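This one's a predicted model, so the numbers in the text were calculated from it and none came from an experiment. Numbered from 1 within each chain, the chains take letters A, B, ... in sequence-line order.
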Amino acid sequence: QKEVEQDPGPLSVPEGAIVSLNCTYSNSAFQYFMWYRQYSRKGPELLMYTYSSGNKEDGRFTAQVDKSSKYISLFIRDSQPSDSATYLCAMKESSQGAQKLVFGQGTRLTINP
Amino acid sequence: DAGITQSPRHKVTETGTPVTLRCHQTENHRYMYWYRQDPGHGLRLIHYSYGVKDTDKGEVSDGYSVSRSKTEDFLLTLESATSSQTSVYFCATRAGAENIQYFGAGTRLSVL
């Protein structure tokens, strides 16, 4: 079983829809949670960074962490065609030392005009 | 932008040949990482470095070696390339108070 599970999709929604992307994990030591966005043939870029449980909002994006359920989500409101990309969740145990990231598989998202 | 340059961007090679990929950074970051990305697996850590000449293994290090003789350069070597090493390779550095990892544009490697 993988430490981090993410539905690979693909997910296709109309422009303006609310998108929900999710990851589950098995390692209860994970404390820091990230969402990266990756456009085709590009490197991942950080979209959201959260620590522990709760919500964090940045514009149209909201990251949610539920440590009791070992579940994290990324919500995209008013989705735009420019949001079409692969979204990767990532997490790490510590803010010290090597800080190895463990990634989900990535979900490919397409926003249709 | 963490000033990361990966070279080459694309490479095709034959099974059994050695291959070296280069990651160059301009920000003087201490930590550098090499990942591979494959369908169904996301990104997996190959090796990382925490300073000049200081390196350690990641999750999928077999068949790979690394070197870091200067802060700005982190080299990944496939000692004898195999078809299973066909992948997209990403370099990352770590920076800032939250220790965010920033990624390069990737190297697409095909081993025939």
Side-chain angles (χ1 to χ4, degrees), chain A residues 1-10 21-27 30-52 56 58 63 72 74 85-109, chain B residues 1-7 9-10 21 23-25 29-51 54-61 66 68 74 87-109:
Chain A
Q1 183 187 2
K2 294 180 180 178
E3 272 191 294
V4 179
E5 297 278 359
Q6 183 177 7
D7 186 339
L21 305 169
N22 310 294
C23 289
T24 59
Y25 61 95
S26 57
N27 183 354
F30 287 138
Q31 298 285 338
Y32 301 84
F33 304 91
M34 287 135 277
W35 286 94
Y36 281 84
R37 179 175 61 195
Q38 185 177 23
Y39 291 115
S40 181
R41 297 187 177 261
K42 302 288 187 183
E45 56 178 341
L46 184 71
L47 196 58
M48 298 289 280
Y49 179 97
T50 55
Y51 169 69
S52 201
K56 181 177 181 179
D58 184 0
I72 69 170
L74 177 71
T86 295
Y87 290 80
L88 299 143
C89 63
M91 43 200 82
K92 62 181 180 179
E93 293 183 13
S94 171
S95 63
Q96 305 297 323
Q99 300 186 36
K100 299 175 188 177
L101 290 182
V102 180
F103 284 85
Q105 297 174 270
T107 299
R108 182 181 291 182
L109 172 67
Chain B
D1 182 3
I4 299 170
T5 303
Q6 290 188 234
S7 59
R9 292 294 315 279
H10 303 272
L21 309 182
C23 178
H24 178 80
Q25 57 131 336
H29 294 155
R30 178 185 174 195
Y31 278 84
M32 298 183 75
Y33 304 81
W34 275 108
Y35 292 88
R36 60 178 288 174
Q37 186 174 33
D38 305 288
H41 291 280
L43 284 114
R44 292 180 291 173
L45 182 65
I46 304 171
H47 281 280
Y48 67 97
S49 169
Y50 47 98
D54 293 322
T55 64
D56 206 347
K57 295 179 180 180
E59 177 188 357
V60 290
S61 59
V66 290
R68 193 166 177 203
F74 191 31
S87 187
V88 183
Y89 291 86
F90 288 99
C91 173
T93 66
R94 199 177 85 193
E98 294 178 325
N99 289 306
I100 302 301
Q101 288 191 25
Y102 296 93
F103 288 82
T107 294
R108 196 168 289 267
L109 176 68

- So OH of B/Tyr48 and CD of A/Gln99: to nearest 0.5 Å the spacing works out to 10.5 Å
- How long is the span from the CD atom in B/Gln101 to the NZ atom in A/Lys92, to the nearest 0.5 Å? 7.0 Å
- Output the option from B/Gly106, B/Gly40, B/Gly104, B/Ala105 having the highest count of non-hydrogen pairs under 4.5 Å with chain A. B/Gly40
- Query: Should B/Gln37 and A/Gln38 be marked as a side-chain contact (heavy atoms from CB on, under 4.5 Å) after you check the CA-CA gap, both sets of side-chain angles, and the distance that decides it?
  - Reply: CA-CA 12 Å; B/Gln37 186 174 33; A/Gln38 185 177 23; 2.9 Å; yes
- Message: Quick check: do B/Asn99 and A/Tyr32 have side-chain heavy atoms less than 4.5 Å from each other?
- Response: no
- Item | Approximate separation, where rounding is to 0.5 Å, of A/Leu101 CG and B/Tyr33 OH | 7.0 Å
- Message: Need one label for A/Pro44: side chain, backbone, both or neither, based on atoms under 4.5 Å from any heavy atom in chain B.
- Response: both
- Message: Quick check on B/Arg108 against chain A: is it the side chain, the backbone, both or neither that has a heavy atom closer than 4.5 Å?
- Response: side chain
- Item | Rounded distance (nearest 0.5 Å) linking atom CZ of A/Arg41 with atom NE2 of B/His10 | 6.5 Å
- Message: Counting only heavy atoms from other residues, nucleotides and ligands, does the tally under 6.0 Å from CZ of A/Arg108 exceed 12?
- Response: no
- Task: Just jot down the side-chain hydrogen bond (donor to acceptor under 3.5 Å, both in side chains) partners of B/Glu59, sequence neighbours excluded, or say none.
- Result: none
- Can you say whether A/Tyr36 sits under 4.5 Å from chain B via the side chain, the backbone, both, or neither, judging by heavy atoms? side chain
- Item | Set of residues satisfying side-chain hydrogen bond (donor to acceptor under 3.5 Å, both in side chains) with respect to A/Thr107, sequence neighbours excluded | A/Gln6
- Interface moiety of B/Leu43 toward chain A, non-hydrogen atoms closer than 4.5 Å: both
